[in-house]
Amino acid sequence: MSARSISVTILLITGLGLSGCESLPAPFAQPTPKPPRSEPVIAESTPTTPVPLSEQALPAATDLNWNPSLEAPLDQLESRLTQQQENGSSQLEINETLSSIAYLYDAELYLLFKDTLDYLPPKAQRHEVDVQNRWLDQRQQVMTQAFLIDQDGEIARYTAGQAFIAETRKRIEELQNLRKLIVID
């Protein structure tokens with residue numbers, strides 16, 4: 001069979017397979033327009049007074065008064081971690097919970113750091129970004145050292161996760177103290 005006959009065969013099979021597709025409903029296609037009504041439509045019109053923009057409700061996306069708090073999920077996960085440790089859960093399950101806790105502390109740190117930068121002038125922002133980058137390197141070193149203490153992979157991950165959380169919580173406290181100096185309540 002030549003290359004040309006193979007491509008013709010593929011085209012025929014594809015064409016036959018698609019021949020009935022025009023009858024399938026397409027949810028993304030425009031509906032067919034309905035013919036115009038032959039009878040007149042009479043509607044009563046009532047005058048409305050325009051509502052000033054200051055009184056109109058804003059769309060939900062513009063409501064910026066939401067201040068997410070990570071305390072409740074952190075409390076729940078820390079409680080779960082305690083239960084897992086007391087009940088003798090597998091080290092893998094414990095590590096997964098610890099990883100979620102670490103993620104939430106890191107998210108809290110990120111939000112706090114980002115918000116703190118908003119209160120600083122550009123030169124101070126650059127300085128704080130440099131400080132944060134040095135701290136991130138330091139946290140990585142502390143995690144690596146903690147990981148290398150233990151020979152068991154899952155226990156080493158747990159130890160590194162605890163070190164990550166401890167270092168992150170210290171940095172959160174440092175940033176909270178910095179904010180007390182720069183933010184006027």
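Only this structure's heavy atoms are used, side chains among them; waters, hydrogens and symmetry mates stay out. Starting from 1, each residue takes its place in the sequence as its number.
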With rounding to the nearest 0.5 Å, note down the distance linking OG in Ser99 to CG in Leu81. 11.5 Å

For Ala160 and Ala146, work out which heavy atoms get closest and say how close. CA-CB, 4.0 Å

Counterpart residues, side chain to side chain contact (heavy atoms under 4.5 Å, CB included), relative to Arg126 (two or more places apart): Pro122, Lys123

Using side-chain heavy atoms (C-beta onward) and a distance below 4.5 Å, is His127 in contact with Leu120? no

Just by distance, do the side chain of Thr144 and the backbone of Gln140 share a donor-acceptor pair under 3.5 Å? yes

Residues that Asp150 engages under salt bridge (charged side-chain N to carboxylate O under 4.0 Å, His left out), provided they are two or more places apart: none

Hits for side chain to side chain contact (heavy atoms under 4.5 Å, CB included) against Asn177, two or more places apart or cross-chain, chain-then-number order -> Glu173, Lys180

Write down the atom of Leu77, the atom of Ser100, and the distance for their closest heavy-atom approach. CD1-CB, 3.7 Å

When clusters are formed by joining ILVMFWY residues with side-chain heavy atoms under 4.5 Å apart, either directly or through shared neighbours, do Leu92 and Leu98 land in the same one? no

Using side chain to side chain donor-acceptor pair (under 3.5 Å) as the criterion, list what pairs up with Gln132, not counting sequence neighbours. Arg171

Apart from Phe147 itself, what residues make up its hydrophobic cluster when side-chain heavy atoms of I, L, V, M, F, W and Y under 4.5 Å apart count as a link, directly or indirectly? Leu148

Roughly how far apart are Gln85 CD and Ile94 CD1, rounded to 0.5 Å? 5.5 Å

Please check if Ile149 and Tyr158 belong to a single hydrophobic cluster, counting links between Ile, Leu, Val, Met, Phe, Trp and Tyr side chain heavy atoms closer than 4.5 Å. no

If a pair satisfies side chain to side chain donor-acceptor pair (under 3.5 Å) and one of its residues is in residues 103-115, list it, with sequence neighbours excluded. Glu78-Tyr105, Asp106-Arg139, Asp115-Arg179

Could you tell me whether the side chain of Val129 reaches within less than 4.5 Å of the side chain of Phe113, counting heavy atoms only? yes

Measure the spacing between CE of Met143 and OG1 of Thr168 and express it to the nearest 0.5 Å. 8.5 Å

Can you measure from CG (Leu109) to CD (Glu167) and round to the nearest 0.5 angstrom? 11.5 Å

Do Asp130 and Trp135 have side chains that approach each other closer than 4.5 Å (heavy atoms only, starting at C-beta)? no

Under a 4.5 Å cut-off applied to non-hydrogen side-chain atoms, are Gln84 and Arg80 in contact? yes

Close side-chain approach of Ile165 to Gln162, heavy-atom, < 4.5 Å: no

From CG (Asn95) to OG (Ser89), nearest 0.5 Å: 11.5 Å

If every non-hydrogen atom of Leu112 is compared with every non-hydrogen atom of Ile172, which pair is closest and at what distance? CD2-O, 3.5 Å

How long is the gap from CG on Leu175 to OG1 on Thr116, to the nearest 0.5 Å? 5.0 Å

